[in-house]
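Naming convention: chains lettered A, B, ... in sequence-line order (proteins, then strands); numbering from 1 in each chain.
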Amino acid sequence: MKIHEYQAKEIFASYGLPVDKSYVCKNVDEAVKAYREIGSPRAIVKAQVLTGGRGKAGGVKLAKNEEELRKYAAAILGMTIKGLKVDRILVGQAVNIASEYYVSYIVDRVSKSTILMLSKAGGMDIEEVARTTPEKIHKIIIDPLVGVPDYLAREAAFKLFDHMDHVKQAVPIFQQLYKLFVENDASLAEINPLVLTDEDNIMAIDAKMTFDDNALYRHPQIASLFEPTEDEKKEQNAKSKGFSYVNIGGNIGCMVNGAGLAMATMDIIQLYGGKPANFLDIGGSSNPTKVIEAMKLLLSDKNVKVVLINIFGGITRCDDVARGILEAFKIITTDIPIVIRLTGTNEKEGRALLEGTDFFVAETMGEATRKAVELAR
Amino acid sequence: MSILIDKNTRLIVQGITGRDGSFHASKMKAYGTKVVGGTSPGKAGENVDGIPVFNTVKDAVKETGANTSVIFVPAPFAKDAMMEAADAGIKLIVCITEGVPTLDVVTALRFIKEKGACLIGPNCPGLISPDKSLVGIMPTMIFRQGGTGVISRSGTLTYEVVYNLTANGMGQSSAVGVGGDPVVGLYYQELLQMFENDPETDSIALIGEIGGDAEERAAAYIKEHITKPVAVFIAGQSAPPGKQMGHAGAIISSGAGTAAEKIAAFEDAGVPVAKEPSEIPALLKRKR
């Protein structure tokens with residue numbers, strides 16, 4: 001789960017991390033009020049949207065006077081960045097930057113640990129830095145049983161700073177950032193850039209955090225910050241019914257048991273020249289209500305012209321699945337053709353139960369997919 | 001032979017009195033796995049399908065000589081269960097539980113390594129050495145004893161591949177579901193090495209998916225270290241970027257972790273990649 005920069009800065013500040021003085025605003029009047037509050041002529045105006053690349057999209061501007069601030073605030077509010085409407089901006093003091101750095105904690109799949117990533121190439125797209133000049137990025141593996149002791153934070157700080165005064169400021173920043181990363185079950189806590197100002201102060205002028213969805217149950221306050229998009233609302237609704245759903249935009253609706261098989265089903269539809277409408281993993285169960293709910297979800301997508309049900313009967317036997325499907329379609333009426341592929345435990349019995357119905361029944365994934373693609377044309 | 005589990009596996013089930021724990025304990029026992037005990041704090045002295053229940057893993061190990069554990073406890077308690085097993089001297093810990101917080105796994109894994117144990121999962125279907133032992137939730141009837149080792153990040157997709165192998169007369173030495181989360185225990189490299197060293201294994205099927213770069217690293221490892229034929233299927237070629245496809249680990253982020261990159265890595269390493277799961281048996285046979 002992602003949160004906005006201003007929300008991440010609030011968390012940073014609550015852990016004592018130095019952040020620039022800033023105010024979140026929903027309209028130009030609020031922006032002007034914030035500008036006067038800050039009290040310095042130069043102010044930065046930043047779009048608050050849950051995506052990267054705000055700067056490139058024109059969502060970050062430096063205002064040199066109140067008139068410019070009004071102009072930029074009005075322009076950025078109402079902008080659409082990567083399909084997301086900007087309804088909030090952050091107005092902050094413009095600091096005098098001497099140099100910029102990159103700092104983050106992230107869960108690393110390779111070392112299976114949290115790592116501290118550091119770079120003197122701050123303020124840039126870090127993925128680009130990693131691709132073109134990987135030697136500019138330092139990675140420090142954090143032992144979860146130890147955390148970030150002083151010596152380790154010092155080692156890290158010396159990679160970025162030469163003066164002891166700067167190192168002393170950076171050490172608690174690295175330690176507190178780790179603390180907030182772990183205590184909030186983040187999957188990313190990033191400062192890009194961390195800046196050294198002309199006045200010799202180190203502070204975070206941007207803040208980015210994402211959180212582990214699996215851990216939100218123990219962080220209700222963070223969970224309450226979730227702002228789902230329309231697609232995410234549908235996904236969340238599906239999740240509450242025990243499904244995993246992602247809309248893809250094609251016309252062949254898929255209902256599959258298991259995430260890997262669901263992905264493979266979409267792939268094979270594409271391989272045979274069709275367009276999958278969605279990813280839908282209904283889990284392992286023959287419960288008719290689950291099939292009914294899944295069908296409702298698929299049919300709510302008006303692009304769907306065919307439904308492909310791909311079930312591998314493991315512990316749930318195919319004959320039970322077939323009975324569940326028959327039960328469900330006593331309640332659901334639709335003109336949309338349904339292709340069913342049942343394989344696995346008791347598959348012959350399962351397919352026999354579906355004989356003489358309107359369903360197109362197939363034995364293999366290839367056969368079922370070809371049929372679905374043909375029907376969708 | 002086989003890898004990780006066989007007739008000598010002595011298994012305990014953590015969370016044996018729960019719905020999933022008791023159901024699968026019976027299934028594993030029926031398959032012939034030596035399920036020697038289970039744990040459920042406060043329920044010592046009870047039994048599930050004739051399997052004795054203990055309060056702690058230490059008690060269970062002491063009484064039964066268990067060397068392997070399978071975990072069915074709910075996600076908030078999985079970290080504790082993994083650590084309890086490691087501390088009790090269990091050498092192979094298999095965590096089936098889905099939805100375990102990533103940092104819990106990071107911490108538990110560190111502790112497990114410290115204790116000299118191995119972890120499989122979480123969020124995995126477990127593993128099977130056909131006709132010898134089942135530790136997990138895999139549907140046993142599709143498996144046959146044989147020579148193909150199977151490694152997979154997904155459950156049902158593994159079954160799909162195994163089904164095709166068995167239908168083509170190719171049995172399995174062992175099949176391991178490593179789990180669909182970003183951080184899990186044993187992974188491609190360790191398992192490829194085990195299959196390479198296992199005399200009964202004559203070929204290896206690897207089933208990967210989008211997210212991370214483990215497949216790319218596996219491809220490099222196969223090129224350098226694996227002499228047995230390997231065939232691969234990668235799920236998620238049609239997945240859009242930035243969306244999590246069911247498994248917490250299956251997400252393409254900032255253009256990295258795509259199926260195309262993974263397929264290219266295997267092809268560069270000379271490993272054939274199946275367009276659909278049903279092609280795997282032919283790809284493995286071709287190379288024999």
Side-chain angles (χ1 to χ4, degrees), chain A residues 51-52 107-110 112-114 125 127 142-145 181-182 185-187 212-218 231 235 244 246-250 256-264 266-271 275-276 279-281 284 311-316 343-346 364-366 369, chain B residues 23 27 75-76 99-107 109-111 114 137-139 141-142 152-160 163 180-185 207 209-214 217 233-240 243-250 254-256 259 275-278:
Chain A
T51 180
V107 175
D108 175 44
R109 292 175 186 232
V110 180
K112 301 175 185 181
S113 306
T114 301
D125 177 359
E127 272 134 10
I142 309 300
D143 183 332
L145 304 181
F181 179 89
V182 170
D185 276 293
S187 43
D212 178 2
D213 293 342
N214 284 344
L216 288 175
Y217 75 89
R218 57 190 180 199
D231 272 356
E235 287 160 20
S244 180
V246 180
N247 192 297
I248 307 291
V256 188
N257 65 331
L261 190 60
M263 261 191 277
M266 292 169 24
D267 294 346
I268 291 161
I269 289 172
Q270 200 162 283
L271 180 69
K275 289 195 180 70
F279 169 95
L280 173 59
D281 170 14
I311 304 289
F312 193 97
I315 289 164
T316 314
T343 308
T345 314
N346 288 11
T364 68
M365 228 161 127
T369 311
Chain B
F23 178 80
K27 288 262 175 197
V100 183
T102 306
L103 291 179
D104 283 6
V105 184
V106 167
T107 305
L109 201 48
R110 168 69 170 80
F111 186 75
E114 180 87 30
I137 60 171
M138 291 172 164
M141 49 297 257
I142 60 170
S152 174
R153 266 167 82 175
S154 145
T156 42
L157 194 51
T158 314
Y159 312 155
E160 181 79 34
Y163 179 83
D181 282 350
V183 175
V184 293
I207 304 142
E209 63 188 32
I210 53 166
D213 67 350
R217 285 181 289 118
F233 178 77
I234 304 291
Q237 297 177 53
S238 53
K243 288 282 185 187
Q244 181 181 315
M245 307 306 279
H247 292 151
S254 309
K275 287 195 184 66
E276 45 187 310
S278 57

Shorter than 4.5 Å, heavy atoms on both sides: which option in [options] has the most such pairs with chain B?
options	value
D213(A), V107(A), V110(A)	V110(A)
P144(A), G249(A), G52(A)	P144(A)
T369(A), D185(A), T364(A), V256(A)	D185(A)
D143(A), L216(A), I269(A), T114(A)	D143(A)

* Would you mind checking if K112(A) and D108(A) are paired as a salt bridge, meaning a charged N to carboxylate O distance below 4.0 Å? => no
* Basic-acidic side-chain contact under 4.0 Å: R218(A), D104(B) -> yes
* Using the test side chain to side chain contact (heavy atoms under 4.5 Å, CB included), find all partners of D212(A) that sit at least two apart in sequence or belong to another chain. => N214(A), A215(A), P101(B), T102(B)
Is [X] in contact with chain A via its backbone, its side chain, both, or neither, using a 4.5 Å heavy-atom distance?
X	result
I234(B)	backbone
V184(B)	backbone
V106(B)	both

* Assess whether side chain to side chain contact (heavy atoms under 4.5 Å, CB included) is satisfied between L145(A) and T107(B), documenting all intermediate values. => CA-CA 7 Å; L145(A) 304 181; T107(B) 305; 3.8 Å; yes
Can you tell which part of [X] gets under 4.5 Å to a heavy atom of chain B, answering side chain, backbone, both or neither?
X	result
S187(A)	neither
A262(A)	neither
F181(A)	both

* To do: Quick one: do S278(B) and M365(A) satisfy side chain to side chain contact (heavy atoms under 4.5 Å, CB included)? Show the steps, please.
  => CA-CA 8 Å; S278(B) 57; M365(A) 228 161 127; over 6 Å; no
* Could you walk me through whether L157(B) and Y159(B) pass the side chain to side chain contact (heavy atoms under 4.5 Å, CB included) test, one step at a time? => CA-CA 5 Å; L157(B) 194 51; Y159(B) 312 155; over 6 Å; no
* Asked: Are T156(B) and N257(A) close enough that a side-chain donor and a side-chain acceptor fall under 3.5 Å?
  -> no
